[in-house]
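For clarity, every value in this text was computed on a predicted model and none was experimentally measured.
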Amino acid sequence: MGGPHSGPFLLFHVLCFLLTLSEVGSQNNKACALRCPPKSSCVNGSACRCAPGFTSSSGEIFTDPLESCDDINECGPPSPVYCGSSADCQNTEGGYYCTCSPGYEPTSGVTTFQNESENTCQDVDECQHRPKVCKGRSICINAQGSYTCQCPPGLEFNPKDPRNCTDVDECSSGKHQCDNSTVCVNTVGSYTCHCRQGWVPKPGIRDKQMTTICKEITFPAWTAPPGIKSQSLSAFFERVQKMSRDFKPAMAKTSMQNLVESVDDLLKSSGDLESLDQSSKHVIVTHLLSGLEQILRTLAKAISKGSFTYRSLDGTELSLVVQEQGKGNVTVGQSHARMLLDWAVAAAAGESGPSMVGILSSRNMEKLLANASLELDLEKLKETYESPVRGAKVMLLSAVSSVFLSNTDTEKLDSNVSFAFTLHKQPELKPRQELICAFWKKDSNGNGFWATSGCWKMGSGNGSITCQCSHLSSFAILMAHYDVEDPKLALITKVGLALSLVCLLLCILTFLLVRPIQGSRTTVHLHLCICLFVGSAIFLAGIENEGGEVGTRCRLVAVLLHYCFLAAFCWMSLEGVELYFLVVRVFQGQGLRKLWLCLIGYGVPLIIVGISAGAYSKGYGREKFCWLNFEGGFLWSFVGPVTFIVLGNAIIFVITVWKLTQKFSEINPDIKKLKKVRVLTITAIAQLFVLGCTWVFGLLLFDPESWVLSYIFSILNCLQGFFLFVLYCLLNKKVREEYHKWACMVAGNRYSEFATTTSGSGSGHNQTQALRPSESGM
């Protein structure tokens, strides 16, 4: 079906149909456009339809060409759209939409919606908005869909700006409730009650509170330390009591100056304080330092904010700084000391008033601090010096500076405090000496001593020493001379003295038991060895003063040593007297009797020691050794008699040698007798040389720097007993015979010749008593 021309023919008919439809539509539109009003569309040739959201008076479709299409208000009656809670309907031309009411916002983020199901409105917290809706110090209070601004207590709304609060001045308006002992100080929104100048809060009440109640500052009570009798100290505390009675807070600075001057007067003209024992002096120092700190801290509360410095005529300085609490480094300085600390450290716990820091520096306490002990870190010093350290002798090189703060809890500070102390002495350091930063520490008995724990030296230069401490107290710079024990010297001394004691004991037994040598010279030798034995035993057992405190035990040891060694030299002088009678006056008498020998040998040193102890009992005992004190020339109570005895014996020996020389030059000299006298003279001279040289070096033993002399003394001291044993026992033929006899008796061998020897010895003894020169047996 269809031929070759059927396709084009069909396309032609379709195009003709489409053109016909287009012409018909164009004619209908032109007809509706002429008759339908705006917001409507043509329904047919005789009716129009209002667009969605619009309506006419006849309804949606109308035929009257004079009618119009008006907007429908979906949000109004009679059937308004319900958008849900906290939302409002908003009408638009031809439609509507829903939005959250003011004070609310959708959680979905979509600001418009069409019905209740799409409502996500929630309250908006306007108080969190930035910038703030309530100005200044007013307080924002949120409400559902709104907020209000309120003023806090002590503030009210500014009439010019209802959302801004301004301060109410309770102090000027009389609305405060401060006590009469305080001053009202207005603050923003409130007020505080401050103590008046010269007043402090009552116990348990803080300053700068609405309920603060204050009392007037009073002079703290301060009395003399118990148990110490001193007119100077009593007069000082009478002056303090008078200052307390006359004290007025307005005169606080004057009272501080008078107090410093009174302390200077006490220390400058110390009077009977110097006669007190060392312990009492240190109790007074401790009492003065703690009392001054308490009083100055109290009086400083009565002065106005700022700095205050006072320097007395005697060089004592007081420096104070008073200012409000805060942070940051503050420097307090004077000529004796400077201090750098964090101001937060100065504030007392629980106090809101101004803080205070002060330094009181005095050089006048040096007398009372003499011979004060020093607490040492012995383990650390032992590592440093590689030997045990038994103690230290200290010298005060700076003023004693007492530091006090408003804060009384200063044993462990939150931050370290730095100090720079000026040295008033420039020392030349020697071995075993160092400069240390020390503080005065109170013990449980009210006494005190120097300590270094918690303080360390940072550096030195330009005549000052820099230190840091983790606590506060009374500080000073000391030069410590450490007493380092020499283990070798200690071993030599102990072993040597033990050997010397054994030899002296053998000498004593020999002089008592060997009859052939009995005589006046043997009596002298016996008592000489007894004195040396007792003195050496006491020296070995008690020469060292362990505690450093000169007590009764140490003084007794020093007295006994003084007596024993003086007695030894007295008996040595009696040997010279005996030699004088033997050689010079051999034809005129037999010398001194035994009674007179004992009276002189023991009585003369007893008189010397008795007079010395009665005149100055404190001369016995030292800080480290129980021996005579070098101060005040007390050592001459030993050196003087010893020097006199040594010189006297030397003169006697010179005369003796001269006489022997004359007798040897005679025509018919008794050679045998003269040789014996010569031997006695030589032994006496040798004895004098050993004992004399020993104590020449012994006097220097107590100088801690004389190491070489200490070794020489120890060796000579050890050789004393051994030398006397050799000189008077081993070199004596009669003594050797007796020793041999005793040895054989012990061994059980008894020979008949012993009887002969004994009888011979007896006859020799009688001859000895007659001739005296034969006593030596040499």
Seminar exercise, completed: d(S312 OG, K268 NZ) to nearest 0.5 Å is 8.5 Å
List for me each residue that meets ring pair (Phe, Tyr, Trp, His ring centres under 6.0 Å) alongside [X], sequence neighbours excluded, and say none if there are none.
{"X": "W343", "result": "none"}
{"X": "F419", "result": "F421, F475"}
{"X": "H336", "result": "none"}

Exercise. Between C437 and C469, does a disulfide (SG to SG under 2.5 Å) hold up when you go through it step by step?
Worked result: CA-CA 9 Å; C437 303; C469 295; over 6 Å; no
Within 6.0 Å of [atom1] in [X], more than 12 heavy atoms from elsewhere:
{"X": "N329", "atom1": "CG", "answer": "yes"}
{"X": "W456", "atom1": "CH2", "answer": "yes"}
{"X": "Q426", "atom1": "CD", "answer": "yes"}

Any side-chain to backbone donor/acceptor pair from [X] onto [Y]? Under 3.5 Å, distance only.
{"X": "D443", "Y": "G446", "result": "yes"}
{"X": "Q278", "Y": "N371", "result": "yes"}
{"X": "S473", "Y": "W440", "result": "yes"}
{"X": "S464", "Y": "G461", "result": "yes"}
{"X": "S307", "Y": "V321", "result": "no"}

Exercise. Can you list the residues that meet the side chain to side chain contact (heavy atoms under 4.5 Å, CB included) rule with L540, with sequence neighbours excluded?
Worked result: K494, L497, L501
Problem set entry | With S453 via side chain to side chain contact (heavy atoms under 4.5 Å, CB included) - residues at least two apart | F439
Restricting to side chain to side chain donor-acceptor pair (under 3.5 Å), what partner residues turn up for [X], sequence neighbours left out?
{"X": "S255", "value": "none"}
{"X": "K457", "value": "none"}
{"X": "S319", "value": "Q334"}
{"X": "T192", "value": "H194"}

Exercise. Can you list the residues that meet the disulfide (SG to SG under 2.5 Å) rule with C564, with sequence neighbours excluded?
Worked result: none
Exercise. Is a side-chain donor-acceptor pair under 3.5 Å present for D277 with S280?
Worked result: yes
For this session: Taking atom types as modelled, find out whether N447 and T286 have a side-chain donor-acceptor pair closer than 3.5 angstrom.
Result: no
Do [X] and [Y] come close enough that some side-chain heavy atom pair is under 4.5 Å?
{"X": "V322", "Y": "I303", "result": "yes"}
{"X": "L405", "Y": "L472", "result": "yes"}
{"X": "D272", "Y": "L276", "result": "no"}

For this session: Measure centre to centre between the rings of Y620 and H562, then say whether the value is under 6.0 Å.
Result: yes
Problem set entry | Pair W627 + F539: ring centers closer than 6.0 Å | no
Atom pairs and distances, side-chain donor-acceptor, residues 215-222, under 3.5 Å, sequence neighbours left out:
from	atom 1	to	atom 2	distance (Å)
W222	NE1	H287	NE2	3.3

Exercise. Can you pull the salt bridge (charged side-chain N to carboxylate O under 4.0 Å, His left out) pairs that have at least one residue in residues 283-303, sequence neighbours excluded?
Worked result: E293-R297
Exercise. Is D246 salt-bridged to K242, going by a charged N under 4.0 Å from an acidic O?
Worked result: yes
